[in-house]
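The figures here come from the full heavy-atom set of this structure, side chains too, leaving out hydrogens, waters and symmetry mates. Below, read A as the first sequence line, B as the second, and so on, with proteins coming before strands; counting in each chain starts at 1.
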2 protein chains.
Amino acid sequence: MALMAPTQQVKRRATNQGAAVKEALAAEDTFRSAQDVYATLRASGEKIGLSTVYRHLQIFVDDGLADVIHKPDGESTYRLCGDASTTHHHHLVCRQCGKAVEIEGPAVETWADKVAAQHGFSDVNHTVEIFGLCTACAA
Amino acid sequence: MALMAPTQQVKRRATNQGAAVKEALAAEDTFRSAQDVYATLRASGEKIGLSTVYRHLQIFVDDGLADVIHKPDGESTYRLCGDASTTHHHHLVCRQCGKAVEIEGPAVETWADKVAAQHGFSDVNHTVEIFGLCTACAA
DNA sequence: GTCTTATCGGGAATCATTTTCATTATTGCA
DNA sequence: TGCAATAATGAAAATGATTCCCGATAAGAC
């Protein structure tokens, strides 16, 4: 249940598949679903299985290399977000194309902690995502 | 895609099942899953189908009577939150038992709108949820 | 009471994600 | 460099929440 655990890279083998998934994510600054990444890789001739895509995406999250956003329809989307040392941040996401901008809101962080403390909640954690239509999709 | 659409109650028949679902939700101030509500109702002898539970929960959301929170594991949880005229608010949720406290953060609202505007995003929307362990569950 | 039709509900169908497990490929080490 | 130990892979099956289908049921109108 430990939260906020910093980087603690577990021994990990270097494989083509792992690199391919990372590349696919790195190629776009949008949040993408596992199914989407899988389809893209297969379309580009990559030899990889769906399970493997899921596995690597989860690994990136565990290692703090990627962020996840759970869309309202239940699908999980991933995006590389610097290494684990990167500051805590949130996202402004286009609900149409998934393009995301990293944003910070120091005030929000402190506010969240304060509110939680006032109600006696511990081991606090929060999610803040702003959705909208990017200029491109607004057309 | 119209957001923030205020109450526009469609003609709706009064049924035992609908009342039962609402009662089940009203009995607790926690976010509960459809499966959970269904199990509770059946356990208490209520004659109702799973589809019906889903249907009513969705209706409550559409009518602005309930709020939804999509848990990281993909499950959707519901909670009655006043009528549609109730002010926009967020939640401080216990990730263990689901107990929730309604909270407000006017500053967050304006911040979100400003950030979105700065990046040219329109039709903005946001989700802010604070998770933690309530005093009861911290034990 | 009777008719019209919204609502039910059980089961099949979806769909994303996870698990299983036999096969394959990396890495550490002799 | 060669090889054993074992992490990684992937195809198929399993899971689990949610939705769809459609004949049966019941609420509201007259």
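- Regarding A:E46, its CD atom lies at a distance of 9 Å from the P atom of D:dG10, rounded to whole Å.
- When each of B:T15 and B:R55 is assigned the nucleotide of DNA chain D bearing its nearest heavy atom, the one mapping closer to the 5' terminus is B:R55.
- Note on ring orientation: taking the six-membered ring where Trp is involved, the planes of B:H56 and B:F60 are tilted (angle from 30° to 60°).
- Candidate nucleotides C:dT4, C:dT19, C:dA16 were compared by shortest atom distance to the side chain of B:R13, and C:dT4 ranks first.
- Distance from the side chain of A:E75 is smallest for C:dA16 among the nucleotides C:dG9, C:dA16, D:dA12.
- Computed from coordinates, the B:I59 CD1 to C:dT7 P distance equals 6 Å when rounded to whole Å.
- Here the options are A:Q35, A:Q58, A:H70, the test is side chain to side chain donor-acceptor pair (under 3.5 Å), and the partner is A:S76; only A:H70 passes.
- Atoms OG1 and CG, from B:T52 and B:N16 in turn, are 11.5 Å apart once rounded to the nearest 0.5 Å.
- One interatomic measurement links the two molecules: CG of A:D62 to P of C:dT18, which rounds to 11 Å at whole-angstrom precision.
- There is no path of hydrophobic side-chain contacts, each under 4.5 Å, that joins A:V108 to B:F131.
- Comparing D:dT9, C:dC8, C:dG10 by their closest approach to the side chain of B:Q17 singles out C:dC8.
- Between A:H56 and the phosphate of D:dA8, there is no side-chain N or O to OP1/OP2 separation shorter than 4.0 Å.
- A continuous path of Ile, Leu, Val, Met, Phe, Trp and Tyr side chains, each step under 4.5 Å between heavy atoms, connects A:Y78 with A:V37, placing both in one hydrophobic cluster.
- Judged by distance alone, with hydrogens and angles left aside, B:R12 brings no side-chain donor or acceptor close enough to the base of D:dG28 to form a pair under 3.5 Å.
- What separates NZ of A:K71 from P of C:dA16 is a distance of 10 Å, to the nearest Å.
- With axes fitted over five pairs at each extremity, the angle between the ends of the helix from C:dG1-D:dC30 to C:dA30-D:dT1 is 30° (10° resolution).
- Put simply, A:R42 has no side-chain N or O that comes within less than 4.0 Å of OP1 or OP2 on D:dG10.
- Atom CG in A:N16 sits roughly 11 Å away from atom C1' in D:dT9 (whole-Å rounding).
- Taking CG of B:L80 as the reference point, atom CZ of B:F31 lies at 10.0 Å (rounded to 0.5 Å).
- The CZ-C1' distance, from A:F60 to D:dA8, rounds to 13 Å in whole Å.
- Side-chain proximity of A:S51 to D:dG28, D:dG10, D:dC20: nearest is D:dG10.
- Using a 3.5 Å distance cut-off with no hydrogens or angles, the side chains of B:Y38 and B:E46 do not pair a donor with an acceptor.
- Among the atoms of the strands shown, none is found under 4.0 Å from any heavy atom of A:H70.
- When distances are taken from the side chain of A:L50 to each of D:dT9, D:dA8, C:dT17, the shortest belongs to C:dT17.
- Ranked by how close their nearest DNA chain C nucleotide is to the 5' end, B:I48 and A:Q58 are led by B:I48.
- Listed pair B:Y54 / D:dT18 meets the phosphate criterion, a side-chain N or O lying under 4.0 Å from OP1 or OP2.
- B:D73 has its CG atom 9 Å from the P atom of D:dA17, to the nearest Å.
- The interatomic distance linking B:L57 (CG) with C:dG9 (P) rounds to 13 Å, in whole Å.
- Residue B:Q35 has its side chain nearest to D:dA17 when only D:dA17, D:dG28, D:dT9 are considered.
- The base of C:dA16 does not come close enough to the side chain of A:S76 for any donor and acceptor atom to sit less than 3.5 Å apart.
- Between A:Y38 and B:Y78, the residue whose closest nucleotide on DNA chain D is further toward the 5' end is A:Y38.
- For the pairing with A:H90, the side-chain contact (heavy atoms from CB on, under 4.5 Å) check across A:E109, A:E102, A:E104 returns one residue only, A:E109.
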